[in-house]
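This report concerns only the one structure given below.
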Amino acid sequence: MPLLEVEGLKLRYQGASGEVRAVDGVSFSVEAGAALGLVGESGSGKSSVALALMRLRPRNVAHFSGRVLLNGVECSRLDEGEFRRHFRWEKLAMVFQGAMESFNPVLKVGEQIIEPLLQRRMGRKEAEKQSMALLDAVLLPARTFDRYPHELSGGMKQRALIAMALVLHPQLLILDEPTSALDVIVQAEVMNLLKRLKRELSLGILFITHDIALSSDLCDRIAVMYAGELVETGGADGVLLQPGHPYTQKLLAAVPRLMEEKEPEFISGSPPDLTNPPPGCRFHPRCPYVFDRCRVESPPPFPANEHRARCWLLLR
Amino acid sequence: MKPLLALEDIRMVYQARKGLFGFVPITALDGVSLSLAEGETVAIVGESGSGKTTLARVSLRLLRPTSGQVLFDGTDIARLPEGRLKWFRQQAQGIFQDPFSSLDPFMRVFDTVEEPLIIHRIGDRERRRELVYQALEEVRLIPVKEFALKFPHQLSGGQRQRVAIARCLVLRSRLIVADEPVSLLDASSRAEILSLFRELQHRHKLTFIYITHDLSTARQFAPRIAIMYRGKIVETGPTSQVITHPQHPYTRALLEAVPQPDPSNRFRERRVGFQETARE
């Protein structure tokens, strides 16, 4: 049984000019101790998936459906109190995008880490002891406990955030663009850390990024998202070395290569308006291989576990 | 050939506050020299805190260096008073990292791009409109008339960055200093903006300083590269040579850190430890 199973997740927001189909029937699973990369351009719905899993949906949700199973328990059905007491932060935790700016500036970092422990009536001594162990696990010196957020560098803040997410020992960690504000060397250090945590704590990880190259640094499986739908899912080797969907191929071709004399390509056009997505395959207006069927008929969604691409070229 | 821009032994020392009355000097640039021929592109690569942004600001005279000369077309602009810099302001332009904060949210694209023309008293109304539309077309914000009327919040990150580029083009500037112009964009828009840069650079013989922390985009865009570390240029040379035969350990760490799509990456740790020891 996978750690996390998501089936037919749909999330629509009420926008000024109609419903925005941010997530439109997304299914995937994450195994314990494995990382799934959720990759796509900005606006493809990646962060909405994460917020839906944490049940932190914004107020303007017009429609929400789908099943989310964690360890076989359908947590999308639980009432909010139950979910808050036993799931959020305890079984699944998240490091939010841009969270480096959301520390409480007047509270020492350590206090912010132990807050949930104290809330759960743990003694202060014990809580401090546990947070020291956590700081150690994310390779921060113990004195970080007494530092204020502004005294930390970007990389240190990101590590502290990871420690905060891990404080209640969740089995699943959701990371939303955890390195996008960091420069490459610090980014590589954070990725090294995540690799280690995944192995040592056998954490399941949902790694959200726009950078398919970066996803290869951590992820065992990769799911490519476009305009609210998954267009390809599979093992990292398959998706990166033999991408099936034209969109995945284009994403890979857009990565600037360090050692090859190859110009990066870009995907012409822009992602569709999700209040009124194009009929048929949502990528068809930008696809170089488009043919008649793509314009009218949407390729069927695929089961979560194989390497599959949602494209008529491959289904013919 | 006479360089268009020559930085000579630039030092930049900031006074950082310490305690209530004290100051500590922080050396952001420590004797940096760099020269660019007209039409040349150089990438300055380094991590945050290496001084690369300070270098950009000094080159644009947004900051006055503590010592050293900034020769633009033979004139030392480091010491000229602001009142005598208008010609330089027309010829040198900056593009910054965050297109969400570098554009005025209350100005339409047309007004943003037209403003520099008004400031530099170029053309009458008709002529200015022509120039603005031409610039928008060059950065491929098409249909031009539609984009001209939009506000920044209606544009994507890549489109905003194009507005910033159009704003440089409209003045026919000779030097463009781009400070992390694509680091907040996703891979496809990043490739698109860099290819646009290259095209404009060729067409207008622009001189370009491209500042980044990412060697892979530097390789894509700049034939020459300078690696900055702690306020100094520690390695410089033709890009392909620096990348294939890095000399400085910091350059090697930068190379090691660049993400490339290779599924075997997840089984190895990246050896970027050089820096942690150096920092302590």
Side-chain angles (χ1 to χ4, degrees), chain A residues 35 39-44 139 153-155 179-189 191-193 195-196 198 209-220 222 235-241 243 250-268 270-271, chain B residues 45-50 52 140 155-159 180 182-196 198 212-221 240 243-244 250 253-276 279-280:
Chain A
V39 180
E41 283 170 282
S42 30
S44 59
L139 309 177
S153 68
T179 63
S180 59
L182 305 175
D183 59 43
V184 279
I185 288 184
V186 183
Q187 167 172 284
E189 288 168 1
M191 296 309 286
N192 281 344
L193 171 68
K195 272 177 234 190
R196 192 173 313 166
K198 175 184 143 203
T209 180
H210 66 263
D211 186 346
I212 194 167
L214 186 65
S215 75
S216 78
D217 237 32
L218 181 68
C219 301
D220 308 287
I222 293 176
D237 298 71
V239 173
L240 295 170
L241 302 177
K250 286 277 178 190
L251 271 186
L252 280 163
V255 176
R257 303 297 168 123
L258 195 55
M259 293 302 169
E260 292 162 49
E261 284 296 337
K262 200 168 135 285
E263 288 244 326
E265 297 167 29
F266 52 87
I267 312 168
S268 53
S270 44
Chain B
V45 185
E47 64 188 326
S48 39
S50 61
K52 57 193 200 306
R140 287 189 226 106
L155 305 175
S156 70
Q159 290 169 339
E180 301 270 15
V182 295
S183 64
L184 294 178
L185 306 179
D186 48 37
S188 174
S189 335
R190 190 186 299 167
E192 197 168 1
I193 294 288
L194 287 176
S195 100
L196 178 65
R198 206 169 23 222
T212 181
H213 64 255
D214 178 6
L215 273 170
S216 61
T217 58
R219 178 203 168 107
Q220 190 192 337
F221 180 49
S240 55
I243 284 177
T244 49
Y250 180 62
L254 279 175
L255 280 166
E256 174 70 15
V258 174
Q260 296 282 286
D262 175 352
S264 68
N265 284 340
R266 67 186 194 274
F267 302 118
R268 69 183 185 104
E269 292 230 337
R270 290 183 182 266
R271 298 182 308 275
V272 288
F274 152 78
Q275 183 212 10
E276 277 184 345
R279 207 185 245 166
E280 284 298 316

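Below, chain A is the first sequence line, B the second, and so on; all start at residue 1. Keep in mind it's a predicted model, so treat the numbers as computed, not measured.
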At a 4.5 Å cut-off on heavy atoms, which part of [X] comes close to chain B: side chain, backbone, both, or neither?
X: A:L240; answer: side chain
X: A:L252; answer: side chain
X: A:E41; answer: both
X: A:L241; answer: side chain
X: A:M259; answer: both
X: A:E265; answer: backbone

Looking at every non-hydrogen atom in both residues, tell me the closest pair between A:D183 and B:H213 and how far apart they are.
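Residues A:D183 and B:H213, closest heavy atoms: CB-CG, 3.4 Å.
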Which atom names give the shortest non-hydrogen contact between B:L254 and A:I185, and what distance separates them?
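B:L254 and A:I185 have their closest heavy atoms at CD2-CD1, 3.8 Å.
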Quick one: does any side-chain atom of [X] pair with a main-chain N or O of [Y] as donor and acceptor, under 3.5 Å?
X: A:S216; Y: B:Q260; answer: yes
X: A:D237; Y: B:P263; answer: no
X: A:N192; Y: B:E269; answer: no
X: A:K250; Y: B:S188; answer: no

Between B:R270 and chain A, which part of the residue has a heavy atom less than 4.5 Å away: side chain, backbone, both or neither?
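Its backbone and side chain both get close to chain A.
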Given a strict heavy-atom distance threshold of 4.5 Å, which part of B:T212 is in contact with chain A: side chain, backbone, both, or neither?
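Neither part; nothing is under 4.5 Å.
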Set of salt bridge (charged side-chain N to carboxylate O under 4.0 Å, His left out) partners for B:E256, sequence neighbours left out:
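Partners of B:E256 by the salt bridge (charged side-chain N to carboxylate O under 4.0 Å, His left out) criterion, ordered by chain and then number, come out as B:R268, B:R271.
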Given the rule in the side chain to side chain contact (heavy atoms under 4.5 Å, CB included) test, do B:L194 and A:F266 qualify, once you have shown the distances and angles that lead to the verdict?
CA-CA 10 Å; B:L194 287 176; A:F266 52 87; over 6 Å; no
If we define contacts as heavy-atom pairs under 4.5 Å, which of B:I243, B:D214, B:L184 has the most with chain A?
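Heavy-atom pair counts peak at B:I243.
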Can you check whether B:P259 reaches A:Q187 side chain to side chain, under 4.5 Å on heavy atoms?
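B:P259 vs A:Q187: side chains touch.
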Side chain to side chain contact (heavy atoms under 4.5 Å, CB included), paired with B:R266, selected from A:D220, A:L218, A:D217:
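Only one option passes, and that is A:D220.
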Top of A:S215, A:P271, A:A254 for chain B proximity - count of heavy-atom pairs under 4.5 angstrom:
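Heavy-atom pairs under 4.5 Å are most numerous for A:A254.
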